[in-house]
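Have a look at the structure below, then the notes.
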Amino acid sequence: MELFNSALGKNITFVHPAFFIIGGLTGIPNITLYYVFLFFVYIVSVVGNTVVMAVIYLDHNLRTPKYIAVFNLAFVDLFGNTALVPKVLDIFLFGHYYIPYNDCLTFLFFCYTCLSLQSFNLVALSYDRMVAIIFPLHYQVKVTHRFMFSLIASLWVFTIIAVLISVGLLTRLSFCKSVVINSYFCDHGQIYRLACNDHFPSYVIACLYPVIIFWLPLAFILLSYLYIGYTLVKVATLQEGLKALKTCIGHLSLVAIYFIPLLTTFTLMEKIQPNARIINLSLTSVFPPMLNPIIYVLQTQEIKESLKRDPKAPPK
């Protein structure tokens with residue numbers, strides 16, 4: 001992070017603490033049960049997403065552009081929950097509330113990278129649905145393996161760079177007083193507010209990133225479905241329209257489960273009671289990765305057929 005620790009050609013000394021203290025939920029009786037509940041959610045998520053990735057990898061019939069995005073979604077869900085939940089359990093179930101400074105920033109990086117990639121994955125899948133429904137004859141031309149690989153790679157690169165910038169700006173902050181983070185993990189918003197020097201750049205990031213990473217993807221998804229609905233009303237019969245929309249129900253369910261609580265938390269950050277904010281954000285972080293395989297993937301006809309047949313059967 002040396003690049004971030006120099007300005008105008010001069011070296012600047014920043015006061016970095018040896019560790020941060022994760023505050024977590026306070027004043028709630030039997031809160032240990034909540035963390036045990038998160039553990040079981042994590043186990044279901046690991047099993048579900050592992051099964052999805054294994055089925056897609058083994059079944060040649062599922063090696064289509066759509067399932068490149070689905071595989072990436074399952075991988076990000078598995079990776080994100082594995083980066084978050086075991087560490088949260090280590091902190092609160094085993095009492096390791098002190099987390100070294102560098103470890104905390106690394107923890108933040110992986111959590112925010114995966115949280116952001118989940119949003120962009122939903123965009124990729126909504127684009128796939130839009131092209132498949134509105135331009136069915138051109139789908140194989142517009143959505144190719146190369147296109148989907150390029151799109152997914154671009155989303156990874158953009159997200160990693162964006163999160164690295166936010167982490168780099170945190171290294172330019174000095175912490176002179178409290179080192180207690182009022183969250184259940186190394187939360188960017190809670191960390192920069194502890195700084196005793198100018199944290200305006202981090203404040204700008206905290207305001208800008210929710211728009212780029214959450215609001216704009218949600219806007220694209222909603223507009224894509226409005227376009228789908230408008231097109232179906234014009235050219236499809238009622239039965240055809242319902243059949244097409246049925247393929248979108250799972251995706252729309254995940255969009256609602258992911259975006260509504262997340263955007264509520266980020267938009268009303270200062271107005272939400274701390275415990276409510278922590279519970280809301282923690283559930284938003286672990287529930288979509290658990291529900292994705294159940295609602296969106298395992299309920300699709302292709303996956304059901306794949307589970308019934310020999311996954312190594314040659315493609316049709």
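Heavy-atom basis, side chains included; hydrogens, waters and symmetry copies ignored.
- With Thr82 contributing its side chain and Phe79 its backbone, the two residues share no donor-acceptor pair below 3.5 Å.
- Within the 3.5 Å criterion, the main-chain N or O of Val123 finds a donor-acceptor partner in the side chain of Ser126.
- Between the side chain of Ser174 and the main chain of Asn197, no donor-acceptor pair closer than 3.5 Å is present.
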Q: Give the C-alpha distance, both sets of side-chain angles, the deciding distance and a yes or no for side chain to side chain contact (heavy atoms under 4.5 Å, CB included) between Val204 and Leu169.
A: CA-CA 11 Å; Val204 172; Leu169 289 174; over 6 Å; no

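- Nearest heavy atom pair, residue His145 against residue Arg63, reads NE2-O, 2.7 Å.
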Q: Begin with the C-alpha distance, continue with both residues' side-chain angles, and end with the deciding distance and a verdict on side chain to side chain contact (heavy atoms under 4.5 Å, CB included) for Ile213 and Phe120.
A: CA-CA 7 Å; Ile213 295 175; Phe120 290 132; 4.2 Å; yes

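- Tyr97 is listed as a side-chain neighbour of Phe92, based on a closest heavy-atom distance under 4.5 Å.
- Counting only distance, with no hydrogens or angles, the side chain of Asn292 and the backbone of Asn49 share no donor-acceptor pair below 3.5 Å.
- Smallest separation of non-hydrogen atoms from Phe107 and Val88: CZ-CG2, 4.5 Å.
- The CG atom of Leu263 sits 8.0 Å away from the OG atom of Ser119 when rounded to the nearest 0.5 Å.
- Cys pair Cys111/Cys186: SG-SG separation is not below 2.5 Å.
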(Q) Under the criterion salt bridge (Lys or Arg N to Asp or Glu O under 4.0 Å), I'd like the reasoning laid out for Arg277 against Asp187: C-alpha separation, chi angles, the key distance, then a yes or no. (A) CA-CA 12 Å; Arg277 175 180 57 79; Asp187 191 338; 3.7 Å; yes

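- Met148 and Val157 fall within a single hydrophobic cluster, where Ile, Leu, Val, Met, Phe, Trp and Tyr side chains are chained together by heavy-atom contacts under 4.5 Å.
- Residues Ile160 and Phe109 meet the side-chain proximity criterion, which asks for heavy atoms closer than 4.5 Å.
- Cluster annotation: Ile161 and Leu164 are assigned to the same hydrophobic cluster (Ile/Leu/Val/Met/Phe/Trp/Tyr, side-chain heavy-atom contacts under 4.5 Å, transitive).
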Q.
For Tyr184 and Leu84: C-alpha separation, side-chain torsions, deciding distance, then whether side chain to side chain contact (heavy atoms under 4.5 Å, CB included) applies.
A. CA-CA 10 Å; Tyr184 68 103; Leu84 175 66; 3.7 Å; yes

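- Side-chain contact between Leu117 and Trp156 is present, with at least one heavy-atom pair separated by less than 4.5 Å.
- Using a 30° and 60° split on the angle between ring planes, Phe37 and Tyr34 fall in the tilted class, from 30° to 60°.
- Ile257 and Ile260 are not part of a single hydrophobic cluster, where members link through side-chain heavy atoms under 4.5 Å apart.
- Leu25 is not listed as a side-chain neighbour of Ser282, based on a closest heavy-atom distance of 4.5 Å or more.
- Proximity of a side-chain donor or acceptor of Arg193 to a complementary backbone N or O of Gly189 within less than 3.5 Å is detected.
- For the pair Tyr101/Phe19, no side-chain contact is recorded, criterion being any heavy-atom separation below 4.5 Å from C-beta on.
- Atom CD1 in Ile212 sits 11.5 Å away from atom SG in Cys207 (nearest 0.5 Å).
- At least one side-chain heavy atom of Val70 sits under 4.5 Å from a side-chain heavy atom of Tyr67.
- Counting heavy atoms from C-beta outward, Val46 and Tyr42 have side chains that approach closer than 4.5 Å.
- Side-chain polar atoms of Tyr225 and His251 form a donor-acceptor pair below 3.5 angstrom.
- The aromatic rings of Tyr258 and Phe214 are tilted relative to each other, their planes meeting at an angle between 30° and 60°.
- The two residues Leu105 and Thr171 come nearest to each other via the heavy atoms CD1-CG2, 3.8 Å.
- With a 4.5 Å cut-off on side-chain heavy atoms, Arg172 and Ser202 do not count as touching.
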Q: Check the pair Lys87, His96 against side chain to side chain contact (heavy atoms under 4.5 Å, CB included), reporting the backbone distance first and the verdict last.
A: CA-CA 9 Å; Lys87 186 62 179 177; His96 299 153; 6.0 Å; no

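- The six-membered or imidazole ring of Phe147 lies near that of Tyr127, with a centre-to-centre distance under 6.0 Å.
- Atoms CG and SG, from Leu78 and Cys114 in turn, are 9.5 Å apart once rounded to the nearest 0.5 Å.
- The structure places CG of Leu283 at 12.0 Å from CG of Leu262, a figure rounded to the nearest 0.5 Å.
- Here the straight-line distance linking atom SG of Cys196 with atom CZ of Phe14 works out to 11.0 Å at 0.5 Å rounding.
- Between Asn275 and the options Asn280, Thr26, Asn182, Ile31, a side chain to side chain contact (heavy atoms under 4.5 Å, CB included) holds for only Thr26.
- Of the possible polar contacts, one joining the Tyr209 side chain to the Ala162 backbone as a donor-acceptor pair under 3.5 Å is found.
- No continuous path of hydrophobic side-chain contacts links Leu218 to Leu223 [ILVMFWY only; heavy atoms under 4.5 Å].
- Here the CG atom belonging to Leu73 is positioned 6.5 Å from the CG atom belonging to Leu122, to the nearest 0.5 angstrom.
- Here the closest non-hydrogen pair linking Ile99 and Asp103 is CG1-CB, 4.0 Å.
- The heavy-atom pair separating Ile278 from Ser183 by the smallest distance is CD1-CA, 3.8 Å.
- The number of heavy-atom neighbours closer than 6.0 Å to OH of Tyr139, taken from other residues, nucleotides and ligands shown, is above 12.
- Two rings, from Phe185 and Tyr112, have their centers less than 6.0 Å apart.
- Taking hydrophobic clusters as Ile, Leu, Val, Met, Phe, Trp and Tyr residues chained together by side-chain heavy-atom distances below 4.5 Å, Leu33 does not share a cluster with Val85.
- The aromatic rings of Tyr192 and His188 sit tilted relative to each other, their planes meeting at an angle between 30° and 60°.
- Nearest heavy atom pair, residue Ser45 against residue Asp77, reads OG-O, 4.4 Å.
- Remark: the Asn72 side chain and the Asn121 side chain contain an N/O donor-acceptor pair separated by less than 3.5 Å.
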